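Shown next, in structure tokens, is the structure this report addresses.
Quick note on labels: first sequence line is chain A, next is B, and so on, each numbered from 1. Remember, it's a predicted structure, so these values are computed and weren't measured experimentally.
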Amino acid sequence: MPELLANLNPEQYAAVTLPNEPALILAGAGSGKTRVLITRIAWLIQQGLASPSTVLAVTFTNKAAREMMARLSALLPIDTRGMWIGTFHGLCNRMLRAHHRDAGLPATFQILDTADQLSAIKRLMKGLNVDDEKYPPKNLQYFINNAKEQGLRPDQVDASDNFNLKFVELYRAYEQQCQREGVVDFPELLLRCYELLAHNAPLRAHYQARFRHILVDEFQDTNKLQYAWLKLLAGQSNAIFAVGDDDQSIYAFRGANVGNMLDFEREFNVRHLIKLEQNYRSHGHILDAANELISNNSRRLGKNLRTDAGHGEPVRVYEAATDTQEAGWIVEEIRALMNQSGLARTEIAVLYRSNAQSRTIEHTLVNAGIPYRVYGGLRFFERQEVKHALAYLRLIDNPNDDTAFARVVNFPTRGIGARSIEQLADAARLYNCSMAAAIPYVTGKAGSSLGAFANLIAKMRAETERMSLPETVEYVVRASGLADFYQGEREGQDRLENLQELVNAATAFVSEEGYGLDTPARSIPLAPGATAAPEVGGQGEVVVLDAASLTEPAQNPDTMTPLAGFLSHASLEAGENQAQAGQDAIQLMTVHAAKGLEFTAVFITGLEEGLFPHENSAIEADGLEEERRLMYVAITRAKERLYLSFAQSRMLHGQTRYNVRSRFFDELPQATLKWLTPKVEAGTRWGGRSDNAGWGRDWFSRPDREARHGGYGSYAGDAAVSAPLPAFANEQRAAETGFRVGQQVFHTKFGEGAITALEGSGPDARAQVRFKRHGEKWLALSVAKLQVVE
DNA sequence: GGGCACGGTTTTTTT
DNA sequence: AACCGTGCCC
């Protein structure tokens, strides 16, 4: 049997060699999920069951797509470019570029990232004179994206109250604005592509015939629209090979629908459901802890991980008095792991539920002189100087892109103030054209400064006509005045370097995507002998297609100019999270960011009620179960050593909070745990905020401008552990009122919510409640009629 | 147009 | 505590 299948366990083998029928692979953490997916593709091709061009494999992140391609080409001596491997958004972009006319988009349509979208929405609302306090732009953005992800256009959204009717109206106006500007946002990429396939039968038939093998990674993270898109591509007879783990579904908050797994099983009549339960990552105690914890969830598809490794070390638990002391302990343990156990720094991870928790740990690591790397944060293509340069590039390619226009019309400053821009926007609205096109209508001094800007862009467009992409980028950085501007800035050196890095990124892009190095940035470089992708089925003309008559894009150079490709790339792939990647350092990240990674030693910190599980999770339906899955993900990152810690008090948002240890401790098998501090039996202590709202802050000076105090003492590991246990004043109040933090309640006016804090007593007792629809409110318990839901 | 003061906000995140 | 947006003043 081929080398390919050697060393696969029976379940993996079965999954890899399944017939071409719908299949659902339930792949537990560390069970070789990616390997199965990749080997499956390689096997199909090696056996002659598939040619590369019939394969479509879809992932959520560019990183995952890249890894898949890299491992595939290592496995098979074939050109992976024939396959469609990429993210949902990347693949939709590719298809829309090829059929832009059928999709009703200009060839140079550009992609708005989340920040661009928000500024487009703000601009829209300003133009329509909409009160942005009554209708917060962020809420509208959420409303629009949510509607799109449900597949709903403005006239399909059903809105009853005035509030939602306004949102629908704004959604409609936003769509018109995007269409006029030739831009699409992230969910629009998917919805447009979905509609393209849904409405264009020949095209749909063509792609259905082509993609005979559709493979989906992280299927539990798909949203409704992504699943609908997959169904459309799969058609009647085609097989989807879906790999996922319902226990690792941690993105419900952004629309992921675990229910897609059950729907898939039912709708596709899945006969092949294979569970990968053999874990190759973690030692026994760690796995036992994970299994037991997750068994507290209901509605699971059902899966239990097993390992051949021994029990290994117990899971160590530490209770600290304060967050500072917790950090001190972590650093001490890290030292021991490095010095006594000889672990490399990259093999040690510190995980937390929310980003705000990293600072204390960072501080302690700095004092101890231990290098670390924090994941998350600003990414390369999100930096302001890079976005500015990209905006100029966008304007050259598409003068209608008002988002780009507004961004740089006065950056670097060229005497065009808010007043002039408002005038221009008014003119643009009046003539229903872009801001750039409205410039001639603005008279006076404002008109002439704007005219100068228009000339600048026109000049750039003309000068770069024959330039390659890297030359164009370099030229634009200079001619825009960005380079001079940052040169003159006191702290502009980093920004200048990033702009140089952007030129490098353009060079890399051109070579990696297979464009000729000298190809002009704004022409489509057809490969010799190839023909342009025909535009099919558009403009009332029905074209019957078969696979031979339609050459759809094998790769970017066939359909996209280098510039359009690069701009897509910049929007769709924001780049690495941190510059210091690859350096030998302790790894700090949120639990979400840790998904898919593994480390020899893992610290899960801040395991307190309110933090982990997070208090906000009490509001969402199934919120607690998602927190538990998150904890499951965290535990299963560890190979050999797992540490759990919590603190009695913690500084958060400028206030000290007193928390109780996480309920998750009670859901772990006690035999796997080793308490480093005495285990205090859970009493009826309730957490809450310290009761000093409105008093702790000086009204005459700004605390955030004050010099920070007490930052220089060396306290790594040996902070005086004398902080007394706080008096749990809230305990009695909670008992007295009959309410407690985290409780689900119902209010006749505000609807459903959850208690996030309690204070006062007797007739003054108040509860802070976070309502699903109305935000957070303080309610006097003697007045408000709160009903307990639980 | 830049700097400063003030007020509000703060789960998780990819594309 | 820290960050961001806004509004005011020169």
Between the side chains of Gln226(A) and Asn260(A), is a donor N or O closer than 3.5 angstrom to an acceptor N or O?
no
Establish whether the base of dT15(B) is bridged to the side chain of Thr114(A) by a donor-acceptor pair shorter than 3.5 Å.
yes
Contacts of Lys138(A) that satisfy side-chain contact (heavy atoms from CB on, under 4.5 Å) - sequence neighbours left out:
Leu118(A)
What residues, two or more places apart in sequence or in another chain, satisfy salt bridge (Lys or Arg N to Asp or Glu O under 4.0 Å) together with Glu181(A)?
Arg123(A)
By side chain to side chain donor-acceptor pair (under 3.5 Å), Arg353(A) pairs with (sequence neighbours left out) Glu627(A)
Taking CG from Asn145(A) and C1' from dT14(B), how many angstroms apart are they, rounded to a whole number?
12 Å
Between C1' on dT12(B) and CG on Leu611(A), what's the gap in Å once rounded to a whole number?
12 Å
Taking CG from Asn616(A) and P from dT12(B), how many angstroms apart are they, rounded to a whole number?
10 Å
Residues of residues 410-420 of chain A with any non-hydrogen atom less than 4.0 angstrom from an atom of DNA chain B: list those, numerically ordered, please.
Asn410(A), Thr413(A), Gly415(A), Ile416(A), Gly417(A)
Rounded off to whole Å, could you give me the CD-to-P distance for the Gln117(A) and dT15(B) pair?
16 Å
Does the ring of His614(A) meet both stacking tests against the six-membered base ring of dT11(B): centre distance under 5.5 Å and plane angle under 30°?
yes
Partners meeting ring-ring contact (aromatic ring centres under 6.0 Å, His included) with Tyr251(A) (sequence neighbours left out)
Phe253(A), His592(A)
Considering every strand and a 4.0 Å limit on heavy-atom distances, what is the contact class for Asn355(A): base, sugar-phosphate, or nothing?
sugar-phosphate
Residues within residues 247-259 of chain A bordering DNA chain B, heavy-atom distance below 4.0 Å:
Tyr251(A), Phe253(A), Arg254(A)
The criterion is side-chain contact (heavy atoms from CB on, under 4.5 Å); which residues satisfy it with Asn129(A), sequence neighbours excluded?
none
Could you list all the salt bridge (charged side-chain N to carboxylate O under 4.0 Å, His left out) pairs where at least one residue sits in residues 57-68 of chain A, not counting sequence neighbours?
Arg66(A)-Glu573(A), Glu67(A)-Arg71(A)
With Asp246(A), which residues qualify under side-chain contact (heavy atoms from CB on, under 4.5 Å), at least two apart?
Leu26(A), Val258(A), Met261(A), Arg300(A), Leu301(A), Lys303(A)
Round to a whole Å and report the spacing from CD of Gln384(A) to C1' of dC4(C).
14 Å
How do Ser617(A) and Lys63(A) order along DNA chain B: which one's closest nucleotide is nearer the 5' end?
Ser617(A)
Going by distance alone, is a donor N or O of one side chain under 3.5 Å from an acceptor N or O of the other, for Gln587(A) and Tyr375(A)?
yes
Minimum-distance nucleotide to Arg359(A) side chain [options: dT11(B), dT13(B), dA2(C)]
dA2(C)
Contacts of Thr114(A) meeting side-chain contact (heavy atoms from CB on, under 4.5 Å) (sequence neighbours excluded), chain-then-number -> Gln141(A), Phe186(A)
Is Glu362(A) salt-bridged to Arg359(A), cutoff N-O under 4.0 Å?
no
Rounded to whole Å, please give me the gap between CG in Asp113(A) and C1' in dT13(B).
13 Å
Is there a side-chain contact between Thr590(A) and the phosphate of dT13(B), meaning an N or O under 4.0 Å from OP1 or OP2?
yes
Identify which nucleotide among dT11(B), dT12(B), dT14(B) has an atom closest to any side-chain atom of Glu620(A), counting heavy atoms from C-beta outward.
dT11(B)
Regarding Phe186(A), tell me which of base, sugar-phosphate or nothing describes its non-hydrogen contacts under 4.0 Å with the strands shown.
base
What is the distance from CD of Glu149(A) to C1' of dT15(B), rounded to the nearest Å?
10 Å
Ignoring hydrogens and geometry, is there a side-chain-to-backbone donor-acceptor pair from Gln220(A) to Asp245(A) under 3.5 Å?
yes
Both Phe485(A) and Arg353(A) contact DNA chain B. Which one's nearest nucleotide lies toward the 5' end?
Phe485(A)
Quick one: ring-ring contact (aromatic ring centres under 6.0 Å, His included) partners of Phe453(A), sequence neighbours excluded?
Phe405(A)
Is there a side-chain polar atom (N or O) of Asn62(A) under 4.0 Å from OP1 or OP2 of dT15(B)?
yes
Positions of residues 128-144 of chain A (non-hydrogen atom under 4.0 Å from DNA chain B), listed by number
none
Rounded distance in Å - CE (Met631(A)) to C1' (dT12(B)):
16 Å
